[in-house]
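What follows is a short report on a single structure.
Here the structure is a predicted model, which is why all the values come from computation and not from measurement. In what follows, chains are A, B, ... by sequence order, proteins preceding strands, each numbered from 1.
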Amino acid sequence: MTPDQIRREVSAWLDANWRVDRPLVEWRNILLEGGWAAPHWPEEWYGRGFTLDETAVVAEVFREKDVVPAAQVGPRGLASETILACGSDDQKGRFLRPILTGEHTWCQLFSEPGSGSDLAGLSTRAEFKDGKWIVNGQKVWNTSAHHADFGLLVARTDWDVPKHQGISYFLLDMRQPGVEARPLRQMNGHQSFNEVFMTNAEVPPEDLIGGEGNGWHVAKTTLSFERRGFSRRVRGSSLDGPKQGPIYAEYEEELRIATEPYTWYPQREGRVDLVLPRARETGAINDPATRQEIAKLICLYTGARLASDSAEARRKAGTTEIIPAGSIGKLAASVIARQASYVHTMISGADAMLSGPDSAADGIIAEVLVSVPAISIAGGTDEIQRNIISERVLGMPKGYRADQGPFRDIKRNA
Amino acid sequence: MQTEFSKEQNLLRDVVSRALRDKSPATAVREQMASDRGYDEAVWQELCGDAGLAGVHVPEAYDGAGGGAVELGIVAEEMGRTLFCGPWFASAVMAGTALLEAANESDRQPLLPGVADGSTIATLVLDDLNGPAGVGSSIRVVEDGKLSGTAAMAVDAHVADLLLVVARGVGGLGLHAVQGGASGLMVEPLQVVDPTRKLSRVAFTDVPARRVGDVTREALSRIWDRICSALAHEMIGGAQHLFETTVNYTKERYQFGRPIGSFQALKHRCADLLLEIEIARALTHHSARCLDAGEGEPYVASMAKAAAADAYMSAARAGIQLRGGIGFTWENDTHLWFKRAKASEVLFGTPAIHRERMMTMLEGAA
């Protein structure tokens, strides 16, 4: 369909169905039945088989008409895309609808204290006993786990095969006595994540996804959606300013809870946008050393944006070359954030010792200085990105590995 | 504005790349860098006379191919990759750009076609190679339009048939045409770090010259930008060559029973280098597109020059370091690119000068 045809069709449907006085869940069920909740999904699962570009046109019309869309912010998007890609019809039937309506929230249970970059080295244990899976272990960095209804869980089910082969993937009910989520406080003071402790937590056999021992494959599917930004579609969902009508109040509350963990994310990227205004305001713009560092930042920032646009254009044109735009872009973001943090420090001088409401930009600069280290770690450390770039793009040989053979025999954290 | 290369531009790159790989292998570079003239006249005739590489950016009205900064950049990039030895940069880029940006129409017509088809070897003589602000500090117009003064360094002046000299006269800066071998002209070849690009000291003592145009502050800035954009392309080509050969070397060299490219210390350095070159390349290609379209940040050329110079030096340092001892020998070719990187880093302004130029354009002088 052409964008105009899509536009006309979705507009006509919304004119007939959208009302601000419906309860949120009721409206979303209507949206689901109408096929406009997730247009990029297949027709048998609430969708229309649209491309992502066609879906973007639909989202645009929703925004123009201030229409509340299906629930999509936060880890729930990872859950629905993973279940759609790897789940059974029974699982899709049970889980997809309440994700889209917003009745269920989800979290991701992947990283562990003992396995960060080496995710496949995880040691949370799932054993099949008396007709169900019994889970014991600890997870960490679990956004939204403290209010989630379900978790995407990877656990080890076979200790006698190589590490990637012994992992299974489960859909874990978080509302049970064996699951405890504890908020984790970060160095910047925010609590965006949790630790999750599982003690004899139970999973029924029908909530194993992708088959026993096939969990690594399913996890890679989730991670690919995570890299494509399905976990944090904040901009695509928020409406411009507060709107009148009962449904908006419900929606704003849902967004507030879902986006709360991410309020400091702009700060971890260095707040490049504040550099020139602050340099002018403080007079640092006239300091030759600061000018040099600002110019370096502008070169990095402009060049990285141009390189990323160019990679995207080549990808769209169907190039055969390997462009790990994700890894290069992520590494570039780290370099930019560090340089921005360095420049902010130069601009502040001794004032960089202060934080809170009386400090520069209402505490934003102080938050930048203690949040930037996160960008080089979250979503794959800089070092892992460098491994990916050197091995996949440059074809450099893989290093020596000490984790081959049965997982039971591999040295790991105590 | 264009954001990707067109099919024709990619074709141009393929043709130039193939010709240069054939005509400018490292053995030829070593031969020419040791010679006095510094280039092979038969190769010059083929590349510039027959293939028209000195006129890619010159309008068809002056017997050029009618391209712009993008086409000029493509040729520069491929020349930088193979470290081509010859007065192409001095003649096509420097002198050609000066004629296009500052010469009167009536003076372009007799001068530019010869530059475009390679039959005239020209150069641009500036008495300061650090920044446009210092140009005009030494060379002056004395009586009867004659020139006196000194340019401490001029690129390929030792082989130039035509010297275009920026000199200060009563009405400000002007562009002056001087014939090679003119009376009172002394061209003294200098000992240089990078022997693939020759420099001479050029002294003028009442040298007969013809004023061919005014050089306003704006025109000088445009000339500087276009030369720097082309030079950035040349540097990106060289950086890419060093990067590729260095990565390949780490795959072939064994120590401790493994290819050294399997060690993370080397892998991570290569990944960082890839990022630095990608960013510099994006800025460089962007600069040419902006110059052609008359759009974009006013300081694009300085961004490109600063970033490309830093990336080239990073590639050059890594090229030596990752090869270890062999990389420090005369026999190994890496030092040829290292020296070009060093010379290009400072020619037409160090990265620090260009960063300050950026900030001045953006925010005014400090």
Side-chain angles (χ1 to χ4, degrees), chain A residues 276 279-280 283-314 316-317 319 323-325 327-332 334-336 382-401, chain B residues 3-5 243-244 246-248 250-251 256-264 266-287 289 296-297 299-300 302-308 310-311 351-352 354-366:
Chain A
L276 281 174
R280 288 178 200 132
I285 196 69
N286 295 315
D287 171 52
T290 308
R291 288 164 76 90
Q292 284 290 315
E293 299 305 324
I294 293 175
K296 284 182 199 167
L297 176 63
I298 293 172
C299 286
L300 283 172
Y301 184 76
T302 312
R305 183 174 48 77
L306 289 164
S308 148
D309 290 350
S310 166
E312 178 61 16
R314 299 207 299 276
K316 276 193 174 160
T319 180
I323 312 174
S327 292
I328 293 176
K330 180 139 197 311
L331 204 49
S334 290
V335 175
I336 291 165
D382 284 0
E383 288 70 23
I384 291 291
Q385 306 307 333
R386 291 187 183 106
N387 284 351
I388 292 171
I389 291 168
S390 57
E391 288 173 11
R392 299 200 195 147
V393 189
L394 302 177
M396 295 175 82
K398 288 191 186 295
Y400 167 76
R401 297 195 68 144
Chain B
T3 56
E4 293 298 306
F5 290 107
F243 183 57
E244 286 167 11
T246 302
V247 168
N248 284 339
T250 70
K251 297 178 189 175
F256 305 100
R258 305 156 58 174
I260 59 172
S262 67
F263 293 108
Q264 282 191 333
L266 277 67
K267 284 167 135 165
H268 289 192
R269 186 154 176 182
C270 289
D272 286 338
L273 194 50
L274 172 90
L275 180 66
E276 192 177 0
I277 295 173
E278 283 289 319
I279 287 175
R281 189 202 327 276
L283 288 169
T284 298
H285 290 170
H286 177 63
S287 72
R289 288 167 187 151
E297 303 86 346
Y299 47 85
V300 275
S302 279
M303 280 200 288
K305 174 67 169 66
D310 284 342
H354 279 282
R355 286 191 285 266
E356 180 51 44
R357 187 166 178 254
M358 278 176 66
M359 294 308 293
T360 303
M361 289 180 172
L362 190 66
E363 296 286 324

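Between the side chain of B/Thr284 and the backbone N or O of B/Ala280 there is at least one donor-acceptor pair closer than 3.5 Å. Distance alone, capped at 3.5 Å, places no donor-acceptor pair between the B/Ser262 side chain and the B/Arg258 backbone. When atom types are taken as modelled, the side chain of B/Thr250 and the backbone of B/Val247 share a donor-acceptor pair closer than 3.5 angstrom.
Only the side chain of A/Ala313 comes within contact range of chain B, with heavy atoms under 4.5 Å apart. Only the side chain of B/Gln264 comes within contact range of chain A, with at least one heavy atom under 4.5 Å from a heavy atom of that chain. Proximity to chain A (any heavy atom under 4.5 Å) is shown, for B/Ala304, by neither the backbone nor the side chain. In this structure, chain A has no heavy atom under 4.5 Å from any part of B/Ser302. For a residue to count as touching a neighbouring chain, one of its non-hydrogen atoms must lie under 4.5 Å from one of that chain's; by this rule B/Ile260 does not touch chain A. With a 4.5 angstrom heavy-atom cutoff, B/Glu297 touches chain A only via side-chain atoms. With a threshold of 4.5 angstrom between heavy atoms, A/Leu276 approaches chain B through side-chain atoms but not through N, CA, C or O. Of the two parts of A/Glu383, the backbone and the side chain both hold a non-hydrogen atom closer than 4.5 Å to a non-hydrogen atom of chain B. If you measure heavy-atom distances from B/Met359 to chain A, the contacts under 4.5 Å come from both the backbone and the side chain.
Across B/His285, B/Glu244, B/Glu356, B/Met358, the residue that shares the most heavy-atom pairs under 4.5 angstrom with chain A is B/Glu356. With chain A as partner, the option from B/Asn248, B/Asp310, B/Leu275, B/Thr3 having the largest number of non-hydrogen pairs under 4.5 angstrom is B/Leu275. Of the listed residues B/Ala352, B/Ala307, B/Pro259, the one with more heavy-atom pairs under 4.5 angstrom with chain A than any other is B/Ala352. Of the listed residues A/Ala307, A/Gly303, A/Pro397, the one with more heavy-atom pairs under 4.5 angstrom with chain B than any other is A/Pro397.
At a threshold of 4.5 Å between non-hydrogen side-chain atoms, the residues A/Glu293 and A/Thr290 do not count as touching.
A donor-acceptor pair shorter than 3.5 Å cannot be found between the side chains of A/Asp382 and B/His268.
For B/Glu363 and A/Arg280, the salt-bridge test passes: some basic side-chain N is under 4.0 Å from an acidic carboxylate O.
A centroid separation of 6.0 Å or more is found between the aromatic rings of B/Tyr299 and B/His354.
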Begin with the C-alpha distance, continue with both residues' side-chain angles, and end with the deciding distance and a verdict on side chain to side chain contact (heavy atoms under 4.5 Å, CB included) for B/Arg355 and A/Arg291. CA-CA 8 Å; B/Arg355 286 191 285 266; A/Arg291 288 164 76 90; over 6 Å; no
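Stacking of B/Arg289 on the aromatic ring of B/Phe5 is recorded, both the 6.0 Å distance cut-off and the 45° axial limit being met.
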